[in-house]
Amino acid sequence: MATSLSLLEEHPELISPAHLMVADSNGRLKTPRHILHANKMLLDFAYGKYDRIMQNWPFQHGKTILTSKYFIAWFLMLWPEKRCLLAAH
């Protein structure tokens, strides 16, 4: 899955969903270790290492904001021709 290198050069906040989250919040949202771990998992998923992923974290740990908001936006900005499905229970 190839992305546009020029797009990443013009917008360094698109390096990962966590970078987009920090940039969009003007630094208000941070990236503690568990967010960085989830960010790596989401990057591996986006680049085809996994077919699907599941996140089971306690509430109020950032999984919804990172995955539902920033990962989906980041993914579709880089690969607008792809399709996403997000399910929650």
For residues 27-35, run the donor-acceptor check on the side chains, cut-off 3.5 Å, and write out each pair with its distance to 0.1 Å, sequence neighbours left out.
unit_1 : atom_1 : unit_2 : atom_2 : d
K30    : NZ     : G27    : O      : 2.8
H34    : NE2    : H61    : O      : 2.8

With K49 via side-chain hydrogen bond (donor to acceptor under 3.5 Å, both in side chains) - residues at least two apart | none

Consider only side-chain heavy atoms of I, L, V, M, F, W and Y, link residues closer than 4.5 Å, and tell whether Y47 and Y50 are in one cluster.
-> yes

Can you name the residues that form a side chain to side chain contact (heavy atoms under 4.5 Å, CB included) with A73, not counting sequence neighbours?
-> L20, M77

Linked, directly or transitively: W79 and I53 (ILVMFWY side chains, under 4.5 Å) = yes

Pair Q55-L42, side-chain contact (heavy atoms from CB on, under 4.5 Å): steps then yes or no = CA-CA 10 Å; Q55 295 182 351; L42 291 169; 4.0 Å; yes

Can you see which heavy atom on F75 is nearest to which on K82, and at what distance?
-> CE2-CB, 3.6 Å

Would you say I72 and P17 make side-chain contact, with heavy atoms under 4.5 Å?
-> no

Report whether L78 and L66 are members of the same hydrophobic cluster (ILVMFWY, side-chain heavy atoms less than 4.5 Å apart, transitive linking).
-> yes

Relative to each other, are the rings of F45 and F71 parallel, tilted or perpendicular (30° and 60° limits)?
-> tilted

Residue pairs passing the side chain to side chain donor-acceptor pair (under 3.5 Å) test with at least one member in residues 15-27, sequence neighbours excluded, are S16-H19, S16-N39, D24-Y70

Please list, chain by chain and in numerical order, all residues satisfying salt bridge (charged side-chain N to carboxylate O under 4.0 Å, His left out) with K40, sequence neighbours excluded.
-> D44

Are I15 and I65 connected in a single hydrophobic cluster, I mean Ile/Leu/Val/Met/Phe/Trp/Tyr linked by side-chain heavy atoms less than 4.5 Å apart?
-> no

